[in-house]
Amino acid sequence: MPRLHVPQPPTRPGDKPDFSYVALSPAGVIPKPEVQARSRDMEDVAHGLVRVLDDRHEAVGQWNPQLDAEDLQVGLRHMLLTRIFDDRMQRTQRQGKISFYMRSYGEEAVAVAAAMALQPGDMLFPSYRQQGIYMVRGKPLVELMCQLLSNTRDMCKGRQLPVMYHWNAGRIFSISGNLTTQFPQAVGWAMAAAIRNEDHIAATWIGEGSSAEADFHHGLLFAAVHQAPVIMNIVNNQWAISTFQGTAGGEQRSFAARGPGYGVPGIRVDGNDFLAVYGVTQWAAQRARTGGGPTLIELVTYRASAHSTSDDPSRYRPKEDYEHWPLGDPVERLKNHLIARGEWSEKQHKELHAELDAHVVASWKEAVSFGALNEGPRLDRHLMFEDVYKDFPDNLRRQSEQLAEEIKLNAELGLAAPKE
Amino acid sequence: MPRLHVPQPPTRPGDKPDFSYVALSPAGVIPKPEVQARSRDMEDVAHGLVRVLDDRHEAVGQWNPQLDAEDLQVGLRHMLLTRIFDDRMQRTQRQGKISFYMRSYGEEAVAVAAAMALQPGDMLFPSYRQQGIYMVRGKPLVELMCQLLSNTRDMCKGRQLPVMYHWNAGRIFSISGNLTTQFPQAVGWAMAAAIRNEDHIAATWIGEGSSAEADFHHGLLFAAVHQAPVIMNIVNNQWAISTFQGTAGGEQRSFAARGPGYGVPGIRVDGNDFLAVYGVTQWAAQRARTGGGPTLIELVTYRASAHSTSDDPSRYRPKEDYEHWPLGDPVERLKNHLIARGEWSEKQHKELHAELDAHVVASWKEAVSFGALNEGPRLDRHLMFEDVYKDFPDNLRRQSEQLAEEIKLNAELGLAAPKE
Amino acid sequence: MAQMNMIQALNSAMDVTMARDPSVVVMGEDVGYFGGVFRVTDGLQRKYGEHRVLDSPISEGGIVATAIGMAVNGLKPVAEIQFADYIYPAVDQIASELARLRYRSAGDFTSPVVIRAPCGGGIRGGQTHSQSPEAIFTHICGVKVVMPSNPYDAKGLLIAAIEDEDPIIFFEPKRIYNGPFDGDPNKPAVPWSTHPKGDVPEGHYKVPIGKSEIVRPGGAVTIVTYGTMVYVCEAAARKLNIDAEIIDVRTMSPLDIDPICSSVKKTGRCVIAHEATRFCGFGAELSASIQEECFWYLEAPIQRVAGWDTPYPHAFEWEYFPGQARVALALRAAMGDEQQ
Amino acid sequence: MAQMNMIQALNSAMDVTMARDPSVVVMGEDVGYFGGVFRVTDGLQRKYGEHRVLDSPISEGGIVATAIGMAVNGLKPVAEIQFADYIYPAVDQIASELARLRYRSAGDFTSPVVIRAPCGGGIRGGQTHSQSPEAIFTHICGVKVVMPSNPYDAKGLLIAAIEDEDPIIFFEPKRIYNGPFDGDPNKPAVPWSTHPKGDVPEGHYKVPIGKSEIVRPGGAVTIVTYGTMVYVCEAAARKLNIDAEIIDVRTMSPLDIDPICSSVKKTGRCVIAHEATRFCGFGAELSASIQEECFWYLEAPIQRVAGWDTPYPHAFEWEYFPGQARVALALRAAMGDEQQ
Ligand SMILES: Cc1ncc(C[n+]2csc(CCOP(=O)(O)OP(=O)(O)O)c2C)c(N)n1
Ligand SMILES: Cc1ncc(C[n+]2csc(CCOP(=O)(O)OP(=O)(O)O)c2C)c(N)n1
Ligand SMILES: [Mg+2]
Ligand SMILES: [Mg+2]
């Protein structure tokens, strides 16, 4: 008799962490298919785990992108900057300076290695947890911070929650609060690139939880039908707020395995292995750029922090989980690899940390000089009525005028001015 | 440089039919997995083509359900009845008696064999092209016809287009004009069966074109996550109105192949082979009933007729396509098998045809005695306001009263009475 | 000038813009090789190729999502939803993305997609081929909502929509694709060639988005309507011999309310008519806005004419459709000046 | 009687019905082990098990679709949409299926699902955590739309919704989960324990669906409102010292218009207030309906108070939110009896 199956995380608060459910492959063992191989001839890469860095911190196997030490040092710098930035911003939120924050702690390689493996003209459609891509593409921290502060220099003009950045000049799409919507949009962007005979490709990221949304299917399907030049990333960080990846359908089969069913290559990769993420992204980018169509990449990683500053993960998972995560920490692993290669040292690392921290602190100082949500100069409130449409329709003009009246009336009636 | 790929049908009007794109397997060669096999251990059945009837009309291989001749004769009768019914209804539409019709010509085995392989308590969520299931479950033709006529005995009380039947007592769900919506609903029904510890299962059908809708993903995902006891059928009849199955994503991989990516077994079966459809459905039903969870079945068939009475397929495909369809005709094939077994004859077949045709004609005579959309007695117009809610809210009461006034006013103003 | 029905006029609008601007692409279910189930895109794929006229998978959500991405990449997609009844799977991409992108990114990104959708009843389409869901989209700020009522406007508005920098939902009242329809199904069909608005320039011209039109001047009552109901209202006013001023809204959002209010201030009476379900339909906004502006001029309550608050039932097509009698009842109520 | 906030009251409604009726199941994102991001389902999974309180995949369309199937199979699903802003992916299943099943099958099939969704602003949630999309659903016949404004009603209405035979969209104004809110963010928060409607029976009781309530009787003007705005309107009327009669609509659809019209006929003046975007918001329907019924009694134009016709912007929370000043402007306009 059938009984309803309910996927279970291996552990709950109080339990000893247990990651035996994570299917691992040793570094270097997964062969790298030809860039133009047919999807159906490479379905195994959807089930294994592409890894380049081995336990002795050496880079091994066909997926090794063979990067110069300098490139790796740049990657390490971007990852570390991402982490320090996240850390500081989290703390400013705790201090009440910003209203909300979401960290990417533990997932820095996912964003940084991928963005580095792509070209500057490639268009990125991220979720809220790939802040590393802004570091790679060189967005000034102050600009990110002003968005977090919703201050007078906020790129979103006060209209979005913190973290919902955008950067057209840097070819990074606007982040949506609605999950997964960017996934098929990236495919449409890539279809347009193909229609227009451009050779830029698109890349997009969603969480494994978000792959349950309809737009996941829309993206895969249209990409498969039109062989769109796009890289579709699923960041499987094991958790979607409080629900385990099994709830999103990760129990029977990997998320990468969804690709081959649509005729799209699926690759499952160690998301905490900078070199593996780089290698896989590079392969997929080359495939897309040479007319081979889309690739679905599952990046296996772990959400080391809370979902957001509104979340408390100790309610639903063991506190010390991350220490036992079998794929380690992406920053540590790249650092150790560089050290093993003799191209880095603990001392250099400490200096880099200090340098980047100072940079973040200085940027913050500058950013707050432009105001904050509840302090200092504020954005002009009439910005609220702009950009709904290109032009300014009558109803919004009238409403904007009424707001001015309301503010007068507030004073008259002894009502508080509209700020919290 | 990537160029937009646009899937192409092999032929267009005027071309010689060409079905070389259809991947075939000889009858009997695909092994039948254990009913409790893991999805990942049986992914090959998603790519092959399960066939039981061979070229000499013999039933071969592991998927042969080993049915008695009597059962097969019953199956033949249901298929033939479906075909004759379709034929006659199509003609009544041409004569203007009904407003619209959709045939299942060439796809009779898909519905009839599957419904016969299921139990009466199993719940069916069909699309508009599985009329065979009503034949199997014994819905009186008169009742179907009254729906087509929107007459005083219309089960839908005049609210639905022809063909959009429903039959709760017969465990057949209401057909929706919106594609694919029933697919995840069937999964929900099956989840409820599992929650309630019932051992009935659900089965649902969509067209291959409809698999592009979001609800396809919703269905597969929830079925996989909760291992719901459900059979999800994709009827790949090669066309979705004017678009070829490649436009729906069938070019790179079979539709059955979508299942394994979600951890759901996918089986690709010859949809014109009564025995193969029966065997595969029986396997999936047994799997579901014994707690093995969902199965995705792709039934490879051909839409031999126009999409509906509003369609003219000669605008987009060769007229004589069906004659060259490599999987033949389901009625002919089962008939030939029975004849080869010595359990049927051309003479019996002719007699059966005559008997069923007479039944259809007699039923039609009875059905039209209850009126038609534009002739004879009509449904009470106030039925229009019922069943929006269980109770009758004020606004609808008022609107119903106003309609009476309008009808008076029509007469007063010399306006035509509201009928076309 | 040529004689065109609405189908030809819409087709011509796409043809003209595709010829002028290589970034215009057309997509949708059956729109390519086949030319659309209503033949509105007939011949476009042959002329502009398979890369500019795409047969899409049956996936309204995917169509709109990919259209947004294409527009972000500089194309100008014109996406057809086969029937307005099938637009619902795309509502998230429309409400959360298409309508919001410019705002949330402070103008850094835009996606000026045009979504065409045949709407309305009167064609025996039953509850899933007859809906008029415009009010769901007029409540969503950031998208514009348009519905033409004749071939001339259809072409001019569609060209304007394609050249607009904002996203637009373009509803096409399919009952009048082939000719104006006065609500009486028993009268012989009238082709557009008999109507002045069937004269359509072959080249490029625009009818401005955001402007209503007085289609019949009058002094006794203002009828505010759009789509098929323009003709039903005209016929009903004629039948009752009422000197009605009839305004075709044409753009529902953003609404150009001032000319409508000027007319109501002049006549002191107002009837609003649409096919969509009455409750929370677009007529509610019209009524509320007019009442706010014109209260002191009104001599009788504003009346609404609409579809009933039920799905559109196949067998009761003409009992459901807001025909001349329903309009006439409202006109009489609006013309009465005493409390009933 | 117990003191409950709205979260506890809603939780208790589910608890009470689950205990009485084994067919009631709860589903939604994070509702199970975690107890919901607003903790409305806290403890239910522990008490009723994983087969009756399901953590769903992040797939609002799939949640509603499977809930419909479950309801067809005799369960009574109560599905949570984590934020009303995320209900759009489910619109097709709601509009085309949930709302239509009884009608299209002539009552042979029904799917009385309850969809709960926290809505509204005032919590610094920005444009994707602050929406009030009720008007999109009130335009869809076949679903009922409910919004409580206090713990007592929340529990009674949710129990009534779960026991109702029709599908219901149940919006929860999250700003008042923990206490009534008068629109002034600078005042200290007030808990429900200070409010009479924070007294909630622990057991089973119902507040009828489809009935509004006069929450404050008065003679000078009728304020028609719901959700958080009930308290904002009360405070504004108090501030202006106006003897307002305040009606909490509670059920937006089907709307019980008669008591509202009786009040307006008595006062001759009317203000309508909601948080949602003004254009084509539910206030439009209220205004239109009231005008139709009460025209001859109105002494001044009906006024609407609403959110602006923009998305809900994070940094302008209190400029966007329809606070007391916005209500006061409308009240003053409604109290004026001369043409301006
Ligand atoms: C359409 C929609 N539904 C629900 C939410 C609420 N929500 C925000 S983040 C989140 C979890 C996402 O998990 P996952 O995709 O795994 O990404 P992660 O946070 O792990 O990076 C949820 C449910 C939302 N933002 N949008
Ligand atoms: C949501 C939705 N979109 C579009 C349509 C219009 N439509 C009706 S049938 C059909 C083709 C379906 O093709 P397929 O799923 O292959 O089924 P078949 O007709 O071949 O049996 C289309 C596009 C619809 N009914 N519903
Ligand atoms: Mg995650
Ligand atoms: Mg088909």
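- Within the 4.5 angstrom heavy-atom criterion, only side-chain atoms of A/S99, from C-beta onward, approach chain D.
- Note: A/Y262 and A/F222 fail the aromatic proximity criterion, with ring centroids not under 6.0 Å apart.
- In terms of modelled atom types and a separation under 3.5 Å, the side chain of A/R103 and the main chain of A/A306 share no donor-acceptor contact.
- Taking the six-membered ring where the residue is Trp, D/F181 and D/W318 present tilted rings, their angle falling between 30° and 60°.
- Here A/L373 is the residue among A/V6, A/L373, A/T243 with the most heavy-atom pairs under 4.5 Å with chain D.
- Between D/H129 and D/F83, the ring planes are perpendicular. Angles over 60° get that label, and only those under 30° would be called parallel.
- Counting heavy atoms from C-beta on, the side chains of D/L98 and D/I115 come closer than 4.5 Å.
- Of the atoms belonging to A/L179, it is side-chain heavy atoms, and not backbone ones, that fall under 4.5 Å from chain D.
- Only the backbone of A/K157 comes within contact range of chain D, judged by heavy atoms closer than 4.5 Å.
- Using a 4.5 Å cut-off between heavy atoms, A/L396 contacts chain D through its side chain alone, with no backbone atom that close.
- The part of A/D311 that comes within reach of chain D is its side chain, from C-beta onward, which places non-hydrogen atoms under 4.5 angstrom from that chain.
- Among A/S400, A/C156, A/G177, the residue with the largest count of heavy-atom pairs under 4.5 Å with chain D is A/G177.
- Ring orientation note: the planes of A/W239 and A/Y316 are tilted relative to one another, at an angle of 30° to 60°.
- No other option in D/D309, D/T128, D/T310 has as many heavy-atom pairs under 4.5 Å with chain A as D/D309.
- The aromatic ring centres of A/F125 and A/F183 sit 6.0 Å or more apart.
- Interface remark: of the candidates A/R159, A/E405, A/E213, A/E213 forms the most heavy-atom pairs closer than 4.5 Å to chain D.
- With a 4.5 angstrom heavy-atom cutoff, A/N178 touches chain D via backbone and side-chain atoms both.
- Interface summary for chain D: among A/S242, A/G207, A/G209, the most heavy-atom pairs under 4.5 angstrom belong to A/S242.
- Only the side chain of A/Q8 has a heavy atom closer than 4.5 Å to any heavy atom of chain D.
- Residues D/I242 and D/V221 form a side-chain contact, since some pair of their non-hydrogen atoms from C-beta on lies under 4.5 Å apart.
- With a 4.5 Å cut-off on side-chain heavy atoms, D/Y231 and D/M229 do not count as touching.
- If you tally non-hydrogen atom pairs under 4.5 Å between each of A/M164, A/M384, A/K408, A/Q402 and chain D, the highest count goes to A/M384.
- At a cut-off of 3.5 Å, with distance as the only test, no side-chain donor of A/T247 or D/Y33 sits close to an acceptor on the other residue.
- At a 4.5 Å heavy-atom cutoff, A/E386 makes no contact with chain D through either its backbone or its side chain.
- No other option in A/A212, A/P162, A/P7 has as many heavy-atom pairs under 4.5 Å with chain D as A/A212.
- Proximity to chain D (any heavy atom under 4.5 Å) is shown, for A/P9, by neither the backbone nor the side chain.
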